[in-house]
Amino acid sequence: MKILVTGGSGFIGSHVVDVLLAHGHEPRIFDIVPSPYITPEQVETVVGDLLDLETLRAATRGCDAVIHLAAVSDVNDVVRDPSRAELVNARGTEVMLEAALLEKIKRVLYASTVWVYGGAAGEEPLDEDTSLVPPAHFYTATKVAGELFCHSFDELYGLEQTILRFGIPYGPRARASTVVAQFVSRALAGEPLTVTGDGAQTRQFVYVEDLAEGVVAALAPVAAGRTYNLVGSEQVSVRQIAETVQDLVGNVPIVHVDDRPADLRSSAISGERAERELGWRLETPFHQGVRRYVAWVKGIQDTPSEAAASRMAGSASSVPRQEPAEL
Ligand SMILES: NC(=O)c1ccc[n+]([C@@H]2O[C@H](COP(=O)([O-])OP(=O)(O)OC[C@H]3O[C@@H](n4cnc5c(N)ncnc54)[C@H](O)[C@@H]3O)[C@@H](O)[C@H]2O)c1
């Protein structure tokens with residue numbers, strides 16, 4: 001299949017492109033910046049803004065599906081500039097749906113987040129049928145808006161869609177502001193690992209290469225009109241992240257600081273539907289995934305390319321406090 005990957009230059013998108021290639025698909029990248037990992041000779045690339053309907057339409061032309069990952073995805077950027085986040089995440093999703101509709105695309109896959117379950121009540125683990133409550137974070141509000149737009153285009157115009165709610169991704173090419181990246185960077189620099197509160201708060205991490213496999217699995221016909229959580233069952237606490245990094249990188253101290261206000265308790269989320277219907281499950285345990293991430297970081301540090309250097313610039317050693325982007 002020919003597939004447009006919006007946000008294909010980003011962290012998750014670059015892995016989705018790799019997996020599409022590995023499965024014999026023909027990906028095309030659409031992003032506002034060129035990919036630091038994949039050259040236009042390797043994968044056709046259109047550099048353009050999601051908000052530009054005509055450019056997006058041209059990029060979408062001839063594709064069978066769109067995997068829509070382009071977004072303002074770092075919550076720190078969202079807090080800094082909510083207006084831009086709303087424009088790209090909400091309006092940008094509407095423009096993407098319009099382009100897909102006009103170009104008669106068969107299916108749109110939309111990247112959402114398990115953050116949509118914030119504050120939701122119900123028996124845990126929460127599944128895709130759980131009723132959502134209005135989101136506390138503006139980032140989540142923009143992602144929920146995108147989900148709603150996908151549903152509306154399906155109902156109104158018959159545009160097939162699939163919603164994918166990602167757990168917390170980590171792994172090679174991760175943004176420097178994410179918690180695993182920050183801890184690894186600090187440990188490599190011999191600096192202490194800072195844990196807020198008792199570090200007992202847990203999250204369901206997803207190794208990014210597994211996540212990308214899940215995204216591609218959702219191209220299957222069975223996924224039309226469905227919503228899937230792409231998470232594993234392993235609950236990892238912040239304390240465990242620090243201990244894992246300590247174990248893999250070196251014996252730097254773990255320091256506890258006062259709890260951040262409004263650090264949301266996170267509910268357990270079920271990935272059972274994705275396993276049953278898509279045959280996808282998380283393959284990489286957390287410890288192994290962090291080991292691979294550390295190997296990747298060390299590889300980069302040994303052979304710093306321009307792209308790698310810019311990705312690593314501002315990594316944890318220069319991040320003033322622990323503000324995990326998606327934790
Ligand atoms: N990283 C996470 O923790 C996480 C968790 C759950 C869901 N998600 C979602 O997954 C998707 C991918 O996230 P990521 O972590 O790979 O983020 P990322 O920031 O690495 O990638 C997003 C890409 O979108 C591109 N982009 C931004 N604005 C654009 C515009 N106006 N036009 C075209 N391209 C634009 C960026 O250049 C970037 O390459 C996002 O939709 C995000 O909301 C991410």
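First listed ligand is number 1; within each ligand, the first listed atom is number 1.
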Heavy atoms of other groups near Gln288 CD, more than 12 under 6.0 Å: yes

Looking only at heavy atoms, which two atoms of Leu188 and Val249 are closest? And how far apart? CD2-CG1, 3.5 Å

Which of these, Ala85, Gly7, Ala71, has its nearest heavy atom closest to atom 27 (C) of ligand 1? Ala71

Report the member of Asp31, Leu211, Thr55, Leu87 with the shortest heavy-atom distance to atom 39 (O) of ligand 1. Asp31

With a 4.0 Å cut-off on heavy atoms, is Ser9 touching ligand 1? yes

Is the closest N or O pair between Ile32 and ligand 1 shorter than 3.5 Å? yes

Where ligand 1 meets Val33 - atom numbers and elements under 4.0 angstrom, heavy-atom basis: 37 (O)

Contact check, Ile168 vs ligand 1, heavy-atom distance below 4.0 Å: no

Could you check which of Phe205, Tyr139, Phe30 puts a non-hydrogen atom nearest to atom 42 (C) of ligand 1? Tyr139

Which ligand 1 atoms does Asp49 reach within 4.0 Å, using its non-hydrogen atoms? 30 (C), 31 (N), 32 (N)

Is there any N or O on His68 that sits under 3.5 Å from an N or O of ligand 1? no

Could you check whether any heavy atom of Gly48 sits closer than 4.0 Å to an atom of ligand 1, since that is the contact criterion I want to use? yes

Enumerate the atoms of ligand 1 whose separation from the nearest heavy atom of Ala111 is less than 4.0 angstrom. 10 (O), 11 (C), 41 (O)

Once you restrict to heavy atoms under 4.0 Å, what part of Arg175 touches ligand 1? Side chain, backbone, both or neither. side chain

Looking at ligand 1, does any of its N/O atoms fall within less than 3.5 Å of an N/O of Phe11? yes

Is Arg84 near ligand 1, meaning one of its heavy atoms is under 4.0 Å from it? yes

Below 4.0 Å from any atom of ligand 1, is there a heavy atom belonging to Ser112? yes

Winner among Ser177, Ser73, Ala174, Pro169 once heavy atoms are compared against atom 18 (P) of ligand 1: Ser73

Which of the ligand 1 atoms, numbered from 1, are nearer than 4.0 Å to a heavy atom of Ala70: 24 (O), 34 (N), 35 (C)

Which atoms of ligand 1 sit under 4.0 Å from any heavy atom of Gly10? 20 (O), 21 (O), 39 (O)

